[in-house]
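Okay, structure first, notes after.
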2 protein chains.
Amino acid sequence: MTPDDFHLSSFLPYRLAVLSERVSRRLSVEYGRTHGLAVAEWRVMVHLLRCGAVSVRDIHNCVNLEKPRVSRAVSRLEAEGLVQKTQGEGDGRLVAISLTDAGRRALADIIPAATQIEGHLTGAVSAEDLATFFRVMERMHAVLDDDPEAKPRTVMDLDRDAKMMPSPV
Amino acid sequence: MTPDDFHLSSFLPYRLAVLSERVSRRLSVEYGRTHGLAVAEWRVMVHLLRCGAVSVRDIHNCVNLEKPRVSRAVSRLEAEGLVQKTQGEGDGRLVAISLTDAGRRALADIIPAATQIEGHLTGAVSAEDLATFFRVMERMHAVLDDDPEAKPRTVMDLDRDAKMMPSPV
DNA sequence: CCAAACTCGTTGCATTTGAAATGATATTGA
DNA sequence: TCAATATCATTTCAAATGCAACGAGTTTGG
């Protein structure tokens with residue numbers, strides 16, 4: 001365990017960061033060039049497509065973005081007419097955020113391109129290896145779930161992955 | 001391929017980003033709390049441990065950090081006495097950056113802890129699955145290598161991973 | 001009924017960030 | 001030789017980031 005044997009390029013956290021950042025950048029070239037979106041805005045819009053009118057807090061709890069970041073992303077999207085904010089029904093604090101038609105059109109444009117990029121990446125490996133890949137990712141998440149020093153997963157990520165886990169009693 | 005079927009939580013780039021960020025954060029709790037280091041500083045130091053006295057450009061080319069970020073990380077490390085800068089020998093532009101004894105001591109302290117965290121993550125899966133995991137990562141990198149829109153890999157990452165690839169003619 | 005405690009979205013503020021510009025040095029080519 | 005070009009590290013500057021604080025609204029408990 002000599003420190004001298006330690007290589008950054010074979011260190012798991014580093015390798016994850018490098019691949020993730022590279023993939024993320026490649027993707028943002030796509031929706032950045034075509035619609036001027038940044039990562040936060042992309043995540044917000046995709047979430048809205050599935051969940052309709054939701055609050056800032058809800059988005060924050062689902063797509064791994066800090067609250068101020070969601071708030072500002074929504075503001076930008078509203079300024080570009082891709083999203084609309086309406087005062088919440090019962091609770092006066094909540095804001096109901098939803099896609100506009102223009103927003104839906106933008107997504108209809110971007111999602112196929114995003115899916116295609118994902119397809120290029122996943123298409124290079126067998127279905128079996130890909131399944132193993134995601135299983136390993138889930139195992140690592142599970143390790144972090146048990147680590148009090150790690151930040152908890154969002155409900156959404158947990159629910160999604162938990163479906164593949166043995167039911168926790 | 002209806003856009004409505006699109007789930008963020010099963011989208012590869014998103015999943016990579018979430019896991020990577022979670023792992024990275026967990027790790028930085030470690031070296032942040034014990035030695036006040038940020039990610040950039042950590043990467044710089046680890047690189048110096050292996051490569052001795054090198055230039056800013058060299059670090060930039062190896063550890064996936066923008067040049068200004070390396071420059072600032074080095075300044076901070078120098079201010080804390082973990083690193084020293086000396087004027088390059090032949091070329092007056094270059095700066096030779098190297099670890100101080102205090103820097104080596106700090107690494108001797110941090111690396112075992114970092115390795116342990118990595119071990120927790122990798123220990124949760126079989127060696128075979130882990131090998132598949134890394135192989136899939138390399139395949140995805142290879143896809144991006146062929147994509148003109150993607151940012152090229154650093155020499156170091158490329159060399160490391162290329163070793164596992166069929167020799168390119 | 002109302003004050004304390006909580007939750008919501010936003011904003012202030014200090015820090016970080018990266019692209020482009022800068023100043024200094026090296027290299028090239030005429 | 002010496003201008004033009006290239007490379008190196010740093011700095012500038014505008015934008016992004018995230019923690020903490022805030023004001024507004026809601027719930028709770030006495």
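None of these values were measured; they are calculated from a predicted model.
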**Prompt:** Pick from A:Arg25, A:Arg22, A:Arg26: which one makes a salt bridge (Lys or Arg N to Asp or Glu O under 4.0 Å) with B:Asp147?
**Reply:**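 For B:Asp147, the salt bridge (Lys or Arg N to Asp or Glu O under 4.0 Å) test succeeds with only one of A:Arg25, A:Arg22, A:Arg26, which is A:Arg26.
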
Per [X] side chain, nearest of listed nucleotides [options]:
X	options	value
B:Arg25	D:dC19, C:dA19, C:dG9	D:dC19
B:Glu66	C:dA19, D:dC19, D:dC8	C:dA19
A:Arg69	D:dT17, C:dT10, D:dT10	D:dT17

**Asked** Does A:Ser71 have a side-chain nitrogen or oxygen under 4.0 Å from the phosphate oxygens OP1 or OP2 of C:dT10?
**Response**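 For A:Ser71, the contact criterion (side-chain N or O under 4.0 Å from OP1 or OP2 of C:dT10) is met.
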
**Donor + acceptor pair across side chains of A:Ser75, A:Arg72 (<3.5 Å)** =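 Result is no, nothing qualifies.
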
**Prompt:** Step by step, would you call A:Thr154 with A:Asp157 a side chain to side chain donor-acceptor pair (under 3.5 Å)?
**Reply:** CA-CA 5 Å; A:Thr154 67; A:Asp157 296 333; 3.0 Å; yes

**Request:** Enumerate the residues from residues 51-58 of chain B whose closest heavy atom to DNA chain D is under 4.0 Å, giving them by residue number; use none for an empty result.
**Result:**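 B:Ser55, B:Val56, B:Arg57 - these, ordered by number, are the residues of the stretch whose heavy atoms sit under 4.0 Å from the strand.
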
Output a table of nitrogen or oxygen pairs between the protein and nucleotides 24-26 of chain D separated by less than 3.5 Å.
| unit_1 | atom_1 | unit_2 | atom_2 | d |
| --- | --- | --- | --- | --- |
| D:dG25 | N2 | A:Arg93 | NH1 | 3.0 |
| D:dT26 | OP1 | A:Gly92 | N | 2.7 |

**Prompt:** Counting any heavy atom closer than 4.0 Å, what does B:Arg72 reach on the DNA or RNA strands: base, sugar-phosphate only, or nothing?
**Reply:**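 Base, at least one base heavy atom under 4.0 Å.
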
Find the distance [X]:[atom1] to [N]:[atom2] and express it as a whole number of Å.
X	N	atom1	atom2	value
A:Leu65	C:dT10	CG	P	14 Å
B:Lys67	D:dT10	NZ	C1'	9 Å
A:Ile59	C:dT10	CD1	C1'	14 Å

